[in-house]
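Reviewing the structure listed below.
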Amino acid sequence: MMFQENILKKLISHCKKYGFVFPSSEIYDGLGAIYDYGQNGVGLKNNIKQYWWDSMTLLNENIVGIDSAIFMHPTIWKASGHVDAFSDYLIDNKDSKKRYRIDTLIENQITKYDNKISKEIKKATKYFGDAFDEIEFCKKDLYVLENINKKKALYARFTQALMENNLKELRQIIFDYKIVCPISKTNNWTCVRKFNLMFSTEMGSTTDSTIKIYLRPETAQGIFVNFLNVQKTGRMKIPFGIAQIGKAFRNEIIARQFVFRMREFEQMEMQFFVRPGEELEWFEKWKQVRIKWHKILELGDNKYRFRDHIKLAHYANAATDIEFEMPFGFKEIEGIHSRTNFDLNNHEKYSGKRMQFFDSKINKSYTPFVIETSIGLDRMFLSVLVGSYSEDVLREGNTRVVLKLPPALSPVKVGILPLIKKEEFKKKAREIMNKLKLNFCCQYDEKDSIGKRYRRQDAIGTPYCITIDQNTLDYHQVSIRFRDTMRQEHISISCLEQIISDNVSIKSLLKKLDE
RNA sequence: GCGGAAGUAGCUCAGUAGAUAGAGCAUUAGCCUUCCAAGCUAAUGGUCGCGGGUUUGAAUCCCGUCUUCCGCUCCA
């Protein structure tokens with residue numbers, strides 16, 4: 001584990017050294033959990049975006065993109081449940097000095113009841129064998145009944161308190177159910193405090209006419225509220241999807257682990273609207289499409305896994321995460337959720353506008369169900385770096401740091417290097433550069449020895465280096481050097497463009513995805 | 001929020017009986033070089049996190065403060 005943590009440290013330092021990620025406002029001592037992307041970071045990030053965007057909008061004729069504003073009508077966040085549910089109620093235990101979320105404590109308590117119930121059921125199953133009827137048993141067994149009722153009562157009281165935003169009642173529940181701190185085993189609790197995870201600001205230039213608005217905590221709502229605009233103007237028929245890439249903001253209590261958890265982050269979301277009842281089929285389908293999208297990058301299939309949610313959010317009837325093996329464990333980089341018609345229904349309720357689709361195939365109007373695929377761009381960025389970072393041992397005591405990025409994602413595609421600083425070589429190199437630069441991001445470098453320049457390109461993940469030497473002048477040949485193998489080939493200048501573009505284009509990934 | 005550690009050049013660090021702030025790497029310029037870093041010469045770069053105090057004199061001692069990292073906690 002220590003070793004793994006060191007990898008993250010090295011990666012952070014590498015990111016800064018080579019212009020991928022800088023801490024925000026560094027000259028002012030930084031700003032917590034905010035980062036800036038540097039010249040190479042933005043290149044990598046943009047390529048990830050393009051891969052995602054094209055995979056959605058080019059490969060699927062029934063998916064279109066939008067770009068909605070960060071500021072939205074405040075009622076949207078009431079309808080989505082964020083104003084009420086997206087705030088954490090926290091309580092501290094004075095003895096152990098540990099802080100807990102109220103809902104976690106309550107859930108633990110509910111789980112205790114569940115365990116008691118299932119234990120009884122298990123016992124009874126053994127006893128009655130095949131004749132056992134679970135439903136009948138739960139209706140009759142007094143001990144089980146008692147626990148079911150306790151559980152129901154607790155749940156009802158808890159949701160009621162949440163709805164009323166009643167901090168005192170929440171605290172009282174903790175006392176009434178004798179919930180203790182798992183560490184200190186005492187119920188010496190502080191007051192309940194509320195942390196809203198949404199950032200807010202004021203809109204309006206005069207003080208008496210301002211309204212409080214939020215910075216969006218997710219991009220999805222911008223899609224939902226535009227659902228009918230897109231459907232009507234794009235003449236979309238169900239099933240269809242809307243994709244969006246954009247910033248979202250969450251006021252995390254503690255944000256750590258580099259760009260993995262940031263207060264300002266970017267999401268790539270696609271909401272797919274389907275006929276009610278067909279959502280679980282589509283859920284399965286998108287699971288497969290999305291995992292394929294990841295694995296095509298060839299960072300290692302074993303680094304990904306699904307984690308199906310057992311406890312579902314209030315709006316979902318199925319949910320899974322795609323997790324990637326980070327230096328700090330398997331962590332979510334993408335969520336796939338079957339969000340039912342929760343969001344559209346609520347917007348209908350709060351706005352008073354109909355959010356339905358008339359399906360001429362079945363001659364019926366309905367509120368579509370939604371399958372969401374939502375990927376954290378910054379997490380994706382981190383996963384690509386984690387999967388690419390490598391310290392190769394070449395010979396004894398001689399290592400190179402190389403980012404084995406998927407070539408299509410590399411910020412710089414070609415390093416153009418005159419073997420030595422000779423006028424003719426330099427001139428020829430510029431000539432080749434001018435030809436290639438229209439299609440690929442190229443970097444010209446004549447400083448230092450050739451080996452050192454190769455290492456510099458390795459460090460930022462440039463897949464190809466082209467060296468210009470006497471051969472180039474005499475026979476119109478350059479040597480092309482491959483990043484991962486360090487192997488070289490002499491090829492004619494006229495083939496260059498073809499060889500490079502076959503491998504570094506986003507198109508090459510899309511082809512594989514579309515197979 | 002609690003506990004621990006640390007803040008000196010872009011990076012990694014050295015620098016205490018308290019006295020003009022150092023090295024390596026990196027960067028820039030030049031030399032040398034015909035294929036995988038660490039050959040030569042030079043230059044740039046720091047009011048030692050910030051504020052206060054003690055002192056003739058503070059990177060160094062004292063107090064405060066901020067930030068970062070680790071653990072707890074939390075979590076997309």
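Quick note: numbers below take in every heavy atom, side chains included, and nothing from hydrogens, waters or symmetry partners. Lettering follows sequence order; numbering is per chain, from 1.
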- Test A:Tyr214 against A:Phe249 for ring pair (Phe, Tyr, Trp, His ring centres under 6.0 Å), laying out the working first. CA-CA 9 Å; A:Tyr214 296 100; A:Phe249 307 82; over 10 Å; no
- Message: Ring centroids only, cut at 6.0 angstrom: are A:Phe22 and A:Tyr37 within range, meaning strictly under it?
- Response: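 For A:Phe22 and A:Tyr37, the ring centres are not under 6.0 Å apart.
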Pick the [atom1] atom in [N] and in [M], then give their distance to the nearest Å.
N: B:C13; M: B:A9; atom1: P; answer: 12 Å
N: B:A58; M: B:U20; atom1: C1'; answer: 14 Å
N: B:A37; M: B:G51; atom1: P; answer: 46 Å
N: B:G39; M: B:U34; atom1: P; answer: 16 Å

- Task: Looking at every strand, decide which applies to A:Arg453 at a 4.0 Å heavy-atom threshold: base, sugar-phosphate, or nothing.
- Result: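 The answer is nothing, as A:Arg453 stays clear of every strand by at least 4.0 Å.
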Shorter than 3.5 Å, N or O on both sides, protein versus nucleotides 33-36 of chain B: list them out with atom names.
unit_1	atom_1	unit_2	atom_2	d
B:U33	O4	A:Lys421	N	3.4
B:C35	O2	A:Tyr454	OH	2.6
B:C35	O2	A:Gln488	OE1	3.0
B:C35	O2	A:Gln488	NE2	2.8
B:C35	N3	A:Tyr454	OH	3.4
B:C35	N3	A:Thr467	OG1	3.4
B:C35	N3	A:Ser479	OG	3.3
B:C35	N3	A:Gln488	OE1	3.1
B:C35	N4	A:Asp469	OD2	3.1
B:C35	N4	A:Ser479	OG	2.7
B:C36	O2'	A:Arg455	NH2	3.3
B:C36	O2	A:Arg481	NH2	3.1
B:C36	N3	A:Arg481	NE	3.1
B:C36	N3	A:Arg481	NH2	3.4
B:C36	N4	A:Met486	O	2.5
B:C36	N4	A:Gln488	NE2	3.2

- Message: Between A:Phe440 and A:Tyr464, is there a side-chain heavy-atom distance shorter than 4.5 Å?
- Response: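 No, side chains not in contact.
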- Answer for the Watson-Crick or wobble partner of B:A6, both distances under 3.5 Å, is B:U67
- Task: Hey, which sits more toward the 5' end of RNA chain B by its nearest nucleotide, A:Phe265 or A:Phe258?
- Result: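 Going by which nucleotide is closer to the 5' end, it is A:Phe258.
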- Message: Between A:Lys17 and B:G10, is there a contact of a side-chain N or O with OP1 or OP2 at under 4.0 Å?
- Response: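 The answer is no; no side-chain N or O of A:Lys17 sits under 4.0 Å from OP1 or OP2.
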- Query: What integer distance in Å separates A:Arg250:CZ from B:C74:P?
  - Reply: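 That distance rounds to 18 Å.
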- Query: Is the NZ atom of A:Lys112 crowded by more than 12 outside heavy atoms at less than 6.0 Å?
  - Reply: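 Counting other residues, nucleotides and ligands, NZ of A:Lys112 stays at 12 neighbours or fewer.
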